[in-house]
Amino acid sequence: MTKLVSLVAARSFIERCMTAIGTEPKHSVAMANMLIEADIRGHFTHGLYRLEMYMRDIENGVTQARGEPSLEKDFAATALVDGNNLPGVVVGNYCMDLAIKKAKDYGIGCVACRGSTHFGIAAWYSAQALQHGMIGVSLSNTFPVVVPTRAAKPSIGTKPLSVAAPGREGDNFLLDMATSAVAFGKLRMCRVKGIEMPQGWGVDSKGLETVNPVEAMDRGGLSPLGGAEITGGYKGFGLAMMVDVFCGILSGSAFGTDIKRWKGQEERIHNLGHCFIAVNPKVYTDGFEDRMQASMDQYRNLEPAEGETAVLVAGDPEREHMRKVRRDGAIHYHVNLLQYMDQIADRLGVEHLPTL
């Protein structure tokens, strides 16, 4: 069962909660905008659902409530940033903005950062380049919940990556993906519903495939993109390591097995690394947006397989959800999540999240 919450009310609630625990107001606004955008796009595992996690890290002192990222190295088209343990969205916004500015001057901007925290959905950052007619790229290292190919224990993160490229009249290619088979939140949803998960999502304590979400979450882990080795899981593992090259190793942040674990290390700082790239297509061949649009339309116009209605390109499923949300001016949230938000509001002494 769900209830509708207006976009304005949802943003305001997050801002109130974050500010109530001492977060700098402008940082609270940044966090609210990113979290609600995740829900607008239909990525509910990274939206309002994550509020409690971000609050906990600030209350524990793991994430700093106030301050600004610092520029450690600055060259023509590149930079190294220290996030100073600030909220990931604050760090990410700073870095992506810097990458875009450099791309305007030099055709490309590449900014790596260290000392950051969980930054939410990767598409939030890559999509910022679209507003300037540019290609945007964002990558991040993450907590180790994925079991590498031929390993028995989780020791690498989901390592998300996103690429955004502008088409015509606001259309765009917007890839936002993890290098694991699925997001960790999907296992959690199977566990809550008491159902088995599909084959290929996770493994048990011995590194063997399982359909039991409890076994995968508590004693095993996620499978890399592709699942088992025979179905190409080693490619997902390779992609995850590739992301870490740009985010962890390049920036000087924690990387590989040294990144803090999701559970049991709550008091340890994150020291996550990200990488943000902006590319100005105008410094290359003219007509990029026309060709990008032609490419997307080629696939959308393919004959669908039997039982399917259309071929979709990256970003199309989210756009459909976004149209519905914009039309309603509100988001459907599960009542259990809303009840939990009421508990948070009571603890903080802030106004409850109103429903329509």
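In this chain, residues are counted from 1 in sequence order. Heavy-atom basis, side chains included; hydrogens, waters and symmetry copies ignored.
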Starting at [atom1] of [X], measure out to [atom2] of [Y] and round the result to the nearest 0.5 Å.
| X | Y | atom1 | atom2 | result |
| --- | --- | --- | --- | --- |
| Gln343 | Leu348 | CD | CG | 12.0 Å |
| Thr179 | Leu225 | OG1 | CG | 7.5 Å |
| Gln339 | Ile344 | CD | CD1 | 12.5 Å |

Going by side-chain hydrogen bond (donor to acceptor under 3.5 Å, both in side chains), Lys102 matches just one of Asp97, Asp74, Thr78. Which one?
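Of Asp97, Asp74, Thr78, side-chain hydrogen bond (donor to acceptor under 3.5 Å, both in side chains) with Lys102 is met by Asp74 alone.
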
Between [Y] and [X], do the side chains contain a donor N or O and an acceptor N or O under 3.5 Å apart?
| X | Y | value |
| --- | --- | --- |
| Glu72 | Ser70 | yes |
| Ser155 | Thr257 | no |
| Tyr333 | Asp39 | yes |
| His352 | Asp346 | yes |
| Lys104 | His132 | yes |

Tell me which pairs pass ring pair (Phe, Tyr, Trp, His ring centres under 6.0 Å) where either residue lies in residues 91-120, with sequence neighbours left out.
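Listed once each, the pairs are His46-His118, Tyr54-His118, Phe119-Tyr125, Phe119-His274.
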
N-O pairing of [X] and [Y] below 4.0 Å:
| X | Y | answer |
| --- | --- | --- |
| Arg323 | Asp328 | no |
| Asp105 | Lys101 | no |
| Glu68 | Lys26 | yes |
| Asp244 | Lys159 | yes |
| Arg347 | Glu59 | yes |
| Arg56 | Glu52 | yes |
| Asp171 | Arg300 | yes |
| Asp218 | Arg191 | yes |

List the atom of Ala10, the atom of Ile36, and the distance in Å for their closest heavy-atom pair.
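That closest heavy-atom pairing would be CB-CD1, 3.4 Å.
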
Quick one: list whatever passes side chain to side chain donor-acceptor pair (under 3.5 Å) with His270, sequence neighbours left out.
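Asp57.
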
How would you list, by chain and number, every residue that makes a side chain to side chain donor-acceptor pair (under 3.5 Å) with Ser12, sequence neighbours excluded?
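Side chain to side chain donor-acceptor pair (under 3.5 Å) list for Ser12, sorted by chain: Arg16.
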
Any donor-acceptor N/O pair, Ser162 side chain to Leu175 backbone, under 3.5 Å:
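Side chain of Ser162 to backbone of Leu175, a donor-acceptor pair under 3.5 Å: yes, one is there.
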
Yes or no on side-chain hydrogen bond (donor to acceptor under 3.5 Å, both in side chains) for Glu37 and His43, after CA distance, side-chain angles and deciding distance?
CA-CA 9 Å; Glu37 181 65 20; His43 296 300; over 6 Å; no

